[in-house]
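For the numbers below, each heavy atom of this structure counts, side chains included, while hydrogens, waters and symmetry mates do not. Just follow the structure's listing: the first ligand is 1, and inside any ligand the first atom is 1. This one's a predicted model, so the numbers in the text were calculated from it and none came from an experiment.
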Amino acid sequence: MTATGIEGPGWVDRSAQPIRGLFPLGVEQFLNAAVAVNAPGVTTVTTAARYYALHGLVAHEARRLNLDGGAARDLLRRTEVIYALACLAHERDPAHDRSMPSPHGADRLKAALALGPVEMDVASGQHAGRYAKAPWGFLGPYRGSEMTLAILASDGFAPGPAFDAAVVARELGPVVALARRAERVSLETVEGLGGACLCRASSSGDGEWLAQRFAGRAQDIGTRGSVLGQTMRMIATAISETDVHDLDDLGDFVMYHPLVLAAARTGEVWRRWRGLRLRAESVEAWRNLWTSMCDVLPEVGAMTPEQLGAALADVLPTQTVRAYRDALPPVVDDTGAPLPAERHGSVEGRDTIDRCLATLMLGAARHRTLPTEGPERLGFEGPPGRSWAVEELSPHWVATVSDQWADRSLRDFAIFLAGVMVNRAHRLTVRKSYLRKPDGRYVMPVRIVLQDGLVVRLFDEEARPPSLRWGPLLSMGRQTGLFSRTDEGRWTAGPRGALLG
Ligand SMILES: [Zn+2]
(Lines give C-alpha, C1' and ligand atoms only; values in the text may rest on other atoms or scores of the structure.)
Protein backbone atom coordinates (compact mmCIF):
# COMPACT_ATOMS: atom_id res chain seq x y z
CA MET A 1 0.00 0.00 0.00
CA THR A 2 1.17 3.52 -0.59
CA ALA A 3 0.91 6.56 1.59
CA THR A 4 -0.77 9.62 0.27
CA GLY A 5 1.78 12.37 -0.07
CA ILE A 6 0.74 14.90 2.49
CA GLU A 7 3.07 16.47 4.99
CA GLY A 8 1.45 16.48 8.38
CA PRO A 9 -1.90 18.07 9.05
CA GLY A 10 -2.10 21.46 7.42
CA TRP A 11 -3.49 23.47 10.27
CA VAL A 12 -5.49 26.37 9.00
CA ASP A 13 -4.29 28.44 11.89
CA ARG A 14 -1.40 28.11 14.28
CA SER A 15 -3.47 28.48 17.42
CA ALA A 16 -3.83 24.73 17.94
CA GLN A 17 -1.08 22.83 19.68
CA PRO A 18 -1.02 19.05 19.47
CA ILE A 19 0.55 17.34 22.50
CA ARG A 20 1.22 13.67 23.21
CA GLY A 21 -2.07 12.21 24.40
CA LEU A 22 -2.40 9.43 26.93
CA PHE A 23 -4.91 6.60 26.64
CA PRO A 24 -5.90 7.50 23.05
CA LEU A 25 -8.50 4.72 22.83
CA GLY A 26 -9.96 5.39 26.29
CA VAL A 27 -10.38 1.65 26.69
CA GLU A 28 -9.12 1.41 30.28
CA GLN A 29 -11.58 3.62 32.15
CA PHE A 30 -13.56 0.82 33.73
CA LEU A 31 -10.42 -1.13 34.58
CA ASN A 32 -8.73 1.82 36.28
CA ALA A 33 -11.79 2.60 38.36
CA ALA A 34 -12.14 -1.02 39.44
CA VAL A 35 -8.43 -1.31 40.27
CA ALA A 36 -8.66 1.76 42.53
CA VAL A 37 -11.35 -0.05 44.52
CA ASN A 38 -9.56 -3.38 44.72
CA ALA A 39 -5.99 -2.22 45.34
CA PRO A 40 -6.46 0.48 48.00
CA GLY A 41 -3.49 2.01 49.82
CA VAL A 42 -1.13 2.29 46.85
CA THR A 43 -1.03 3.94 43.43
CA THR A 44 1.41 3.72 40.56
CA VAL A 45 3.32 6.71 42.01
CA THR A 46 3.70 5.53 45.62
CA THR A 47 7.10 3.90 45.41
CA ALA A 48 8.75 4.18 48.83
CA ALA A 49 7.05 2.64 51.87
CA ARG A 50 8.72 4.63 54.62
CA TYR A 51 7.33 7.91 53.29
CA TYR A 52 3.95 6.76 54.64
CA ALA A 53 5.45 6.67 58.13
CA LEU A 54 7.47 9.85 57.61
CA HIS A 55 4.44 11.88 56.47
CA GLY A 56 2.43 10.62 59.45
CA LEU A 57 5.21 11.68 61.80
CA VAL A 58 5.48 15.17 60.31
CA ALA A 59 1.71 15.58 60.64
CA HIS A 60 1.98 14.45 64.25
CA GLU A 61 4.82 16.91 64.97
CA ALA A 62 2.99 19.74 63.24
CA ARG A 63 0.03 19.14 65.50
CA ARG A 64 2.15 18.72 68.64
CA LEU A 65 3.97 22.00 67.89
CA ASN A 66 0.71 23.67 66.94
CA LEU A 67 2.12 24.77 63.56
CA ASP A 68 -0.05 26.66 61.10
CA GLY A 69 -0.37 25.43 57.51
CA GLY A 70 2.66 27.28 56.16
CA ALA A 71 4.93 26.16 59.01
CA ALA A 72 3.70 22.58 58.72
CA ARG A 73 4.46 22.65 55.01
CA ASP A 74 7.97 23.97 55.67
CA LEU A 75 8.60 21.24 58.24
CA LEU A 76 7.42 18.64 55.74
CA ARG A 77 9.76 19.97 53.06
CA ARG A 78 12.73 20.19 55.42
CA THR A 79 12.04 16.68 56.69
CA GLU A 80 11.84 15.24 53.17
CA VAL A 81 15.18 16.88 52.34
CA ILE A 82 16.91 15.47 55.44
CA TYR A 83 15.31 12.09 54.84
CA ALA A 84 16.52 11.91 51.23
CA LEU A 85 20.02 12.96 52.33
CA ALA A 86 20.04 10.26 55.04
CA CYS A 87 19.14 7.65 52.40
CA LEU A 88 21.82 8.99 50.03
CA ALA A 89 24.37 8.77 52.85
CA HIS A 90 23.40 5.15 53.48
CA GLU A 91 23.90 4.36 49.79
CA ARG A 92 27.65 4.72 50.50
CA ASP A 93 27.41 2.05 53.21
CA PRO A 94 28.20 -1.52 52.04
CA ALA A 95 25.19 -2.68 54.07
CA HIS A 96 22.81 -0.67 51.86
CA ASP A 97 20.38 -2.73 49.75
CA ARG A 98 20.61 -1.34 46.22
CA SER A 99 17.48 -3.12 45.06
CA MET A 100 15.34 -0.75 47.14
CA PRO A 101 13.82 2.43 45.66
CA SER A 102 15.62 5.77 45.70
CA PRO A 103 14.40 8.56 47.96
CA HIS A 104 12.33 11.33 46.37
CA GLY A 105 14.22 14.37 45.14
CA ALA A 106 17.50 12.42 45.02
CA ASP A 107 18.64 13.76 41.67
CA ARG A 108 18.26 17.41 42.64
CA LEU A 109 19.91 16.88 46.02
CA LYS A 110 22.82 15.01 44.43
CA ALA A 111 23.30 17.99 42.14
CA ALA A 112 23.31 20.30 45.17
CA LEU A 113 25.74 18.05 47.06
CA ALA A 114 28.19 18.25 44.18
CA LEU A 115 28.65 21.92 45.12
CA GLY A 116 29.06 21.31 48.85
CA PRO A 117 26.79 20.92 51.88
CA VAL A 118 23.09 21.42 51.16
CA GLU A 119 21.71 24.80 52.21
CA MET A 120 18.47 23.82 53.90
CA ASP A 121 16.67 27.10 53.24
CA VAL A 122 17.44 26.82 49.54
CA ALA A 123 16.79 23.09 49.11
CA SER A 124 13.56 23.11 51.09
CA GLY A 125 12.49 26.51 49.74
CA GLN A 126 10.04 27.17 46.93
CA HIS A 127 12.46 28.73 44.45
CA ALA A 128 15.59 27.87 42.45
CA GLY A 129 17.56 24.98 43.95
CA ARG A 130 14.49 23.40 45.58
CA TYR A 131 14.32 19.62 45.95
CA ALA A 132 10.69 19.45 44.78
CA LYS A 133 8.46 21.63 42.65
CA ALA A 134 5.14 20.87 44.34
CA PRO A 135 4.49 23.13 47.34
CA TRP A 136 3.88 20.13 49.61
CA GLY A 137 6.88 18.18 48.30
CA PHE A 138 6.08 14.52 47.74
CA LEU A 139 3.05 14.43 49.99
CA GLY A 140 0.71 14.79 47.00
CA PRO A 141 1.30 11.38 45.40
CA TYR A 142 0.97 9.63 48.79
CA ARG A 143 -1.73 11.55 50.57
CA GLY A 144 -4.77 9.65 49.27
CA SER A 145 -3.13 6.32 50.03
CA GLU A 146 -2.04 7.50 53.48
CA MET A 147 -5.62 8.56 54.21
CA THR A 148 -6.90 5.21 53.00
CA LEU A 149 -4.60 3.46 55.46
CA ALA A 150 -5.71 5.92 58.20
CA ILE A 151 -2.11 7.09 58.65
CA LEU A 152 -3.27 10.61 57.84
CA ALA A 153 -6.62 12.10 58.77
CA SER A 154 -9.00 12.60 55.87
CA ASP A 155 -9.29 16.33 56.55
CA GLY A 156 -6.40 18.74 57.01
CA PHE A 157 -2.80 17.69 57.54
CA ALA A 158 -3.08 15.62 60.71
CA PRO A 159 -2.26 12.07 61.80
CA GLY A 160 -5.03 9.51 61.30
CA PRO A 161 -6.38 6.97 63.79
CA ALA A 162 -3.95 4.25 62.66
CA PHE A 163 -0.84 6.36 63.16
CA ASP A 164 1.46 5.20 65.98
CA ALA A 165 3.70 8.11 66.94
CA ALA A 166 5.66 6.23 69.61
CA VAL A 167 6.75 3.46 67.23
CA VAL A 168 7.47 5.66 64.22
CA ALA A 169 9.31 8.35 66.19
CA ARG A 170 11.76 5.80 67.58
CA GLU A 171 13.56 5.54 64.24
CA LEU A 172 12.34 8.48 62.21
CA GLY A 173 12.12 11.01 65.03
CA PRO A 174 15.79 12.07 64.70
CA VAL A 175 15.12 12.88 61.01
CA VAL A 176 12.41 15.37 61.94
CA ALA A 177 14.45 16.73 64.85
CA LEU A 178 17.41 17.46 62.57
CA ALA A 179 15.08 18.94 59.95
CA ARG A 180 13.83 21.51 62.47
CA ARG A 181 17.23 22.96 63.24
CA ALA A 182 19.67 22.11 60.41
CA GLU A 183 21.12 24.94 58.29
CA ARG A 184 23.77 23.26 56.15
CA VAL A 185 23.81 19.49 55.71
CA SER A 186 26.44 17.22 54.17
CA LEU A 187 26.27 13.44 53.88
CA GLU A 188 28.54 13.28 56.93
CA THR A 189 25.97 15.24 58.94
CA VAL A 190 23.36 12.53 58.38
CA GLU A 191 25.60 9.47 58.54
CA GLY A 192 24.15 8.53 61.92
CA LEU A 193 20.65 8.29 60.42
CA GLY A 194 21.40 5.15 58.38
CA GLY A 195 18.76 3.17 60.27
CA ALA A 196 16.13 5.43 58.70
CA CYS A 197 17.14 4.44 55.16
CA LEU A 198 14.44 3.10 52.85
CA CYS A 199 16.32 -0.18 52.71
CA ARG A 200 15.86 -0.82 56.44
CA ALA A 201 12.06 -0.95 56.69
CA SER A 202 12.01 -4.74 56.52
CA SER A 203 13.70 -4.89 59.94
CA SER A 204 12.74 -1.58 61.63
CA GLY A 205 9.99 -1.00 64.16
CA ASP A 206 8.14 1.50 61.99
CA GLY A 207 8.53 -1.03 59.17
CA GLU A 208 6.74 -3.62 61.31
CA TRP A 209 3.95 -1.13 61.92
CA LEU A 210 3.81 -0.34 58.18
CA ALA A 211 3.73 -4.06 57.36
CA GLN A 212 0.62 -4.33 59.53
CA ARG A 213 -0.97 -1.46 57.62
CA PHE A 214 -0.24 -3.08 54.25
CA ALA A 215 -1.38 -6.47 55.53
CA GLY A 216 -4.80 -4.86 55.91
CA ARG A 217 -7.67 -6.16 57.98
CA ALA A 218 -8.90 -9.13 55.99
CA GLN A 219 -11.53 -10.07 58.59
CA ASP A 220 -13.34 -6.70 58.54
CA ILE A 221 -15.44 -7.62 55.50
CA GLY A 222 -16.88 -4.62 53.70
CA THR A 223 -14.05 -2.21 54.54
CA ARG A 224 -11.19 -1.00 52.37
CA GLY A 225 -8.81 -2.51 54.91
CA SER A 226 -10.45 -5.84 54.23
CA VAL A 227 -10.10 -5.48 50.47
CA LEU A 228 -6.41 -4.63 50.89
CA GLY A 229 -5.90 -7.55 53.28
CA GLN A 230 -7.60 -10.03 50.93
CA THR A 231 -5.64 -8.71 47.95
CA MET A 232 -2.31 -9.03 49.79
CA ARG A 233 -3.26 -12.56 50.89
CA MET A 234 -4.07 -13.45 47.29
CA ILE A 235 -0.57 -12.36 46.28
CA ALA A 236 0.96 -14.22 49.24
CA THR A 237 -0.90 -17.39 48.26
CA ALA A 238 0.18 -17.07 44.63
CA ILE A 239 3.85 -16.81 45.57
CA SER A 240 3.70 -19.66 48.05
CA GLU A 241 1.73 -22.02 45.79
CA THR A 242 3.30 -21.29 42.39
CA ASP A 243 6.52 -19.91 40.94
CA VAL A 244 6.00 -16.16 40.67
CA HIS A 245 8.81 -14.24 39.02
CA ASP A 246 6.82 -11.38 37.56
CA LEU A 247 3.38 -9.84 37.18
CA ASP A 248 2.53 -12.21 34.33
CA ASP A 249 3.03 -15.21 36.61
CA LEU A 250 0.83 -13.56 39.20
CA GLY A 251 -1.78 -12.85 36.53
CA ASP A 252 -1.83 -16.47 35.42
CA PHE A 253 -2.43 -17.60 39.01
CA VAL A 254 -5.30 -15.16 39.44
CA MET A 255 -6.92 -15.99 36.10
CA TYR A 256 -6.58 -19.74 36.03
CA HIS A 257 -5.53 -21.31 39.34
CA PRO A 258 -8.21 -23.38 41.14
CA LEU A 259 -7.13 -21.96 44.52
CA VAL A 260 -8.71 -18.63 43.65
CA LEU A 261 -12.06 -20.37 43.98
CA ALA A 262 -11.11 -23.00 46.53
CA ALA A 263 -9.97 -20.88 49.46
CA ALA A 264 -13.13 -20.29 51.47
CA ARG A 265 -11.83 -17.34 53.48
CA THR A 266 -11.15 -15.10 50.50
CA GLY A 267 -14.60 -13.58 50.40
CA GLU A 268 -15.26 -12.16 46.97
CA VAL A 269 -12.11 -10.15 46.49
CA TRP A 270 -9.99 -12.84 44.83
CA ARG A 271 -12.77 -13.72 42.43
CA ARG A 272 -13.27 -10.05 41.57
CA TRP A 273 -9.57 -9.88 40.77
CA ARG A 274 -10.01 -12.87 38.47
CA GLY A 275 -12.58 -10.93 36.44
CA LEU A 276 -10.45 -7.80 36.51
CA ARG A 277 -7.32 -9.59 35.36
CA LEU A 278 -9.22 -11.28 32.55
CA ARG A 279 -10.57 -7.89 31.48
CA ALA A 280 -7.01 -6.52 31.48
CA GLU A 281 -6.20 -9.03 28.70
CA SER A 282 -8.74 -7.30 26.46
CA VAL A 283 -7.60 -3.82 27.45
CA GLU A 284 -4.00 -4.67 26.64
CA ALA A 285 -5.02 -6.30 23.36
CA TRP A 286 -6.81 -3.13 22.25
CA ARG A 287 -3.79 -1.03 23.19
CA ASN A 288 -1.44 -3.31 21.28
CA LEU A 289 -3.73 -3.50 18.28
CA TRP A 290 -3.94 0.29 18.22
CA THR A 291 -0.17 0.65 18.52
CA SER A 292 0.43 -1.87 15.75
CA MET A 293 -1.98 0.05 13.54
CA CYS A 294 -0.30 3.39 14.28
CA ASP A 295 3.08 1.84 13.48
CA VAL A 296 1.81 1.23 9.96
CA LEU A 297 1.37 4.95 9.39
CA PRO A 298 4.46 6.49 7.90
CA GLU A 299 6.01 9.22 9.98
CA VAL A 300 5.26 11.79 7.37
CA GLY A 301 2.21 11.07 5.33
CA ALA A 302 -1.37 10.08 5.61
CA MET A 303 -3.66 7.18 4.88
CA THR A 304 -7.40 6.76 4.75
CA PRO A 305 -8.89 4.70 7.59
CA GLU A 306 -9.62 2.00 4.96
CA GLN A 307 -5.97 1.84 3.90
CA LEU A 308 -4.99 1.61 7.52
CA GLY A 309 -7.50 -1.17 8.11
CA ALA A 310 -6.20 -3.00 5.05
CA ALA A 311 -2.77 -3.05 6.66
CA LEU A 312 -4.27 -4.87 9.64
CA ALA A 313 -6.26 -7.16 7.36
CA ASP A 314 -3.20 -8.13 5.30
CA VAL A 315 -1.72 -10.16 8.15
CA LEU A 316 -4.95 -12.00 8.97
CA PRO A 317 -6.10 -15.30 7.45
CA THR A 318 -8.67 -15.36 4.62
CA GLN A 319 -11.69 -16.80 6.37
CA THR A 320 -14.96 -15.79 7.98
CA VAL A 321 -15.18 -14.27 11.43
CA ARG A 322 -17.05 -17.38 12.56
CA ALA A 323 -14.35 -19.77 11.32
CA TYR A 324 -11.68 -17.67 13.02
CA ARG A 325 -13.63 -17.56 16.27
CA ASP A 326 -14.50 -21.26 16.24
CA ALA A 327 -10.84 -22.23 15.82
CA LEU A 328 -9.83 -20.50 19.07
CA PRO A 329 -9.15 -22.66 22.14
CA PRO A 330 -12.02 -23.02 24.66
CA VAL A 331 -12.08 -20.55 27.57
CA VAL A 332 -13.69 -22.92 30.08
CA ASP A 333 -13.73 -26.67 30.70
CA ASP A 334 -16.82 -28.87 31.05
CA THR A 335 -17.33 -27.73 34.63
CA GLY A 336 -17.13 -24.03 33.74
CA ALA A 337 -13.67 -23.57 35.26
CA PRO A 338 -11.45 -21.15 33.32
CA LEU A 339 -8.87 -22.57 30.91
CA PRO A 340 -5.70 -20.65 30.00
CA ALA A 341 -6.90 -19.94 26.46
CA GLU A 342 -5.01 -16.62 26.30
CA ARG A 343 -1.77 -18.51 27.01
CA HIS A 344 -2.47 -21.33 24.53
CA GLY A 345 0.39 -21.95 22.11
CA SER A 346 -1.94 -21.47 19.14
CA VAL A 347 -2.69 -17.94 20.36
CA GLU A 348 0.66 -16.86 21.80
CA GLY A 349 2.50 -17.97 18.67
CA ARG A 350 0.67 -15.54 16.39
CA ASP A 351 1.88 -12.23 15.02
CA THR A 352 0.87 -9.26 17.20
CA ILE A 353 -2.17 -8.13 15.23
CA ASP A 354 -3.53 -11.66 14.90
CA ARG A 355 -2.86 -12.38 18.58
CA CYS A 356 -4.59 -9.16 19.66
CA LEU A 357 -7.67 -9.96 17.62
CA ALA A 358 -7.72 -13.52 18.98
CA THR A 359 -7.41 -12.17 22.55
CA LEU A 360 -10.30 -9.78 21.97
CA MET A 361 -12.43 -12.68 20.68
CA LEU A 362 -11.46 -14.70 23.76
CA GLY A 363 -12.54 -11.74 25.89
CA ALA A 364 -15.89 -11.87 24.11
CA ALA A 365 -16.06 -15.60 24.90
CA ARG A 366 -15.30 -14.83 28.56
CA HIS A 367 -18.15 -12.32 28.50
CA ARG A 368 -20.43 -15.10 27.26
CA THR A 369 -19.27 -17.77 29.70
CA LEU A 370 -18.69 -15.97 33.02
CA PRO A 371 -21.61 -16.42 35.43
CA THR A 372 -24.05 -13.57 34.80
CA GLU A 373 -23.85 -12.61 38.46
CA GLY A 374 -21.06 -12.86 40.95
CA PRO A 375 -17.67 -11.39 41.71
CA GLU A 376 -15.94 -12.51 38.49
CA ARG A 377 -18.56 -10.71 36.41
CA LEU A 378 -18.32 -7.66 38.66
CA GLY A 379 -14.55 -7.52 38.19
CA PHE A 380 -14.83 -8.18 34.47
CA GLU A 381 -17.30 -5.45 33.54
CA GLY A 382 -18.82 -3.90 36.65
CA PRO A 383 -22.36 -4.10 37.97
CA PRO A 384 -25.11 -4.91 35.44
CA GLY A 385 -26.99 -2.05 33.88
CA ARG A 386 -24.02 0.33 33.87
CA SER A 387 -22.84 1.76 30.56
CA TRP A 388 -19.34 0.41 31.24
CA ALA A 389 -20.62 -3.14 30.77
CA VAL A 390 -21.76 -2.54 27.21
CA GLU A 391 -19.64 0.39 26.01
CA GLU A 392 -17.84 0.46 22.69
CA LEU A 393 -14.79 -1.86 22.62
CA SER A 394 -15.95 -3.69 25.76
CA PRO A 395 -16.03 -7.52 25.63
CA HIS A 396 -19.81 -7.26 25.33
CA TRP A 397 -19.37 -5.02 22.30
CA VAL A 398 -16.84 -7.38 20.69
CA ALA A 399 -19.21 -10.31 21.26
CA THR A 400 -22.09 -8.42 19.68
CA VAL A 401 -20.30 -7.07 16.60
CA SER A 402 -18.48 -10.34 15.92
CA ASP A 403 -21.89 -12.04 15.90
CA GLN A 404 -23.13 -9.49 13.38
CA TRP A 405 -20.04 -10.13 11.27
CA ALA A 406 -19.95 -13.91 11.80
CA ASP A 407 -20.48 -14.93 8.18
CA ARG A 408 -18.46 -12.15 6.60
CA SER A 409 -14.77 -11.83 5.88
CA LEU A 410 -12.40 -11.54 8.82
CA ARG A 411 -10.29 -9.11 6.81
CA ASP A 412 -13.27 -6.82 6.23
CA PHE A 413 -13.96 -7.07 9.95
CA ALA A 414 -10.44 -5.83 10.68
CA ILE A 415 -11.02 -2.85 8.36
CA PHE A 416 -14.24 -2.13 10.24
CA LEU A 417 -12.38 -2.27 13.59
CA ALA A 418 -9.70 0.09 12.31
CA GLY A 419 -12.40 2.61 11.39
CA VAL A 420 -14.00 2.27 14.83
CA MET A 421 -10.64 2.84 16.56
CA VAL A 422 -9.76 5.89 14.45
CA ASN A 423 -13.17 7.47 14.98
CA ARG A 424 -13.10 6.75 18.69
CA ALA A 425 -9.63 8.23 19.10
CA HIS A 426 -10.78 11.29 17.19
CA ARG A 427 -13.82 11.78 19.42
CA LEU A 428 -11.65 11.37 22.52
CA THR A 429 -9.20 13.97 21.25
CA VAL A 430 -12.02 16.44 20.72
CA ARG A 431 -13.34 15.69 24.21
CA LYS A 432 -9.96 16.08 25.90
CA SER A 433 -8.85 19.21 24.05
CA TYR A 434 -8.94 22.45 25.94
CA LEU A 435 -8.23 26.14 25.60
CA ARG A 436 -5.07 26.99 27.52
CA LYS A 437 -5.69 30.25 29.34
CA PRO A 438 -2.21 31.84 29.45
CA ASP A 439 -1.55 31.85 25.69
CA GLY A 440 -5.00 31.17 24.32
CA ARG A 441 -3.87 28.11 22.35
CA TYR A 442 -6.10 25.14 21.75
CA VAL A 443 -4.29 22.12 23.22
CA MET A 444 -5.08 18.77 21.63
CA PRO A 445 -3.84 15.52 23.22
CA VAL A 446 -3.32 13.24 20.22
CA ARG A 447 -1.18 10.51 18.72
CA ILE A 448 -2.81 10.40 15.32
CA VAL A 449 -5.31 12.82 13.93
CA LEU A 450 -8.22 12.35 11.53
CA GLN A 451 -8.54 15.24 9.14
CA ASP A 452 -10.56 15.51 5.95
CA GLY A 453 -10.89 11.74 5.80
CA LEU A 454 -7.16 11.09 6.23
CA VAL A 455 -5.32 9.71 9.24
CA VAL A 456 -2.04 11.48 10.05
CA ARG A 457 0.49 10.39 12.63
CA LEU A 458 1.75 13.17 14.90
CA PHE A 459 3.42 11.19 17.66
CA ASP A 460 4.66 7.65 18.13
CA GLU A 461 2.51 5.35 20.13
CA GLU A 462 3.72 2.88 22.71
CA ALA A 463 1.51 0.31 24.34
CA ARG A 464 1.97 -0.20 28.04
CA PRO A 465 0.28 -3.00 29.92
CA PRO A 466 -2.58 -1.68 32.06
CA SER A 467 -1.60 -1.26 35.71
CA LEU A 468 -3.43 -3.35 38.27
CA ARG A 469 -1.20 -1.81 41.00
CA TRP A 470 0.18 -5.25 41.82
CA GLY A 471 3.70 -3.93 41.22
CA PRO A 472 3.37 -1.28 43.98
CA LEU A 473 1.69 -3.82 46.30
CA LEU A 474 4.53 -6.30 45.80
CA SER A 475 7.07 -3.53 46.32
CA MET A 476 5.42 -2.24 49.53
CA GLY A 477 5.23 -5.82 50.78
CA ARG A 478 8.87 -6.38 50.01
CA GLN A 479 10.05 -3.13 51.57
CA THR A 480 8.20 -3.86 54.79
CA GLY A 481 9.16 -7.54 54.98
CA LEU A 482 5.84 -9.16 54.01
CA PHE A 483 7.38 -10.46 50.78
CA SER A 484 10.90 -11.20 49.72
CA ARG A 485 12.71 -12.03 46.52
CA THR A 486 15.41 -14.62 45.87
CA ASP A 487 18.59 -13.80 43.97
CA GLU A 488 16.99 -15.56 40.99
CA GLY A 489 14.07 -13.13 41.13
CA ARG A 490 11.47 -15.51 42.54
CA TRP A 491 8.99 -13.97 45.00
CA THR A 492 8.69 -15.63 48.40
CA ALA A 493 7.20 -14.90 51.80
CA GLY A 494 9.24 -12.29 53.69
CA PRO A 495 10.39 -12.23 57.34
CA ARG A 496 6.98 -10.76 58.29
CA GLY A 497 5.04 -13.03 55.94
CA ALA A 498 3.15 -14.46 58.92
CA LEU A 499 1.12 -11.22 59.05
CA LEU A 500 -0.58 -12.48 55.89
CA GLY A 501 -1.32 -15.90 57.41
ZN1 LIG B 1 20.09 1.90 52.79
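Distances from the Zn ion (ligand 1) to each N, O or S atom of His96 single out ND1 as the nearest. As for His90, its N/O/S atom nearest the Zn ion (ligand 1) is the one called ND1.
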Could you walk me through whether His55 and Glu80 pass the side-chain hydrogen bond (donor to acceptor under 3.5 Å, both in side chains) check? CA-CA 9 Å; His55 291 156; Glu80 286 193 336; 2.7 Å; yes
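Not counting sequence neighbours, the partners of Asp155 by the side-chain contact (heavy atoms from CB on, under 4.5 Å) test are Ala153.
The minimum heavy-atom distance between Gly382 and Phe30, with the atom names listed, is N-CZ, 3.2 Å.
Tested against Arg366 for a salt bridge (Lys or Arg N to Asp or Glu O under 4.0 Å), the candidates Glu342, Glu376, Glu381 yield a single pass: Glu342.
Geometry at the Zn ion (ligand 1): SG/Cys199 and SG/Cys197 form an angle of 110°, nearest 10 degrees.
For the Zn ion (ligand 1), the N/O/S atoms of Cys87 include none lying under 2.8 Å.
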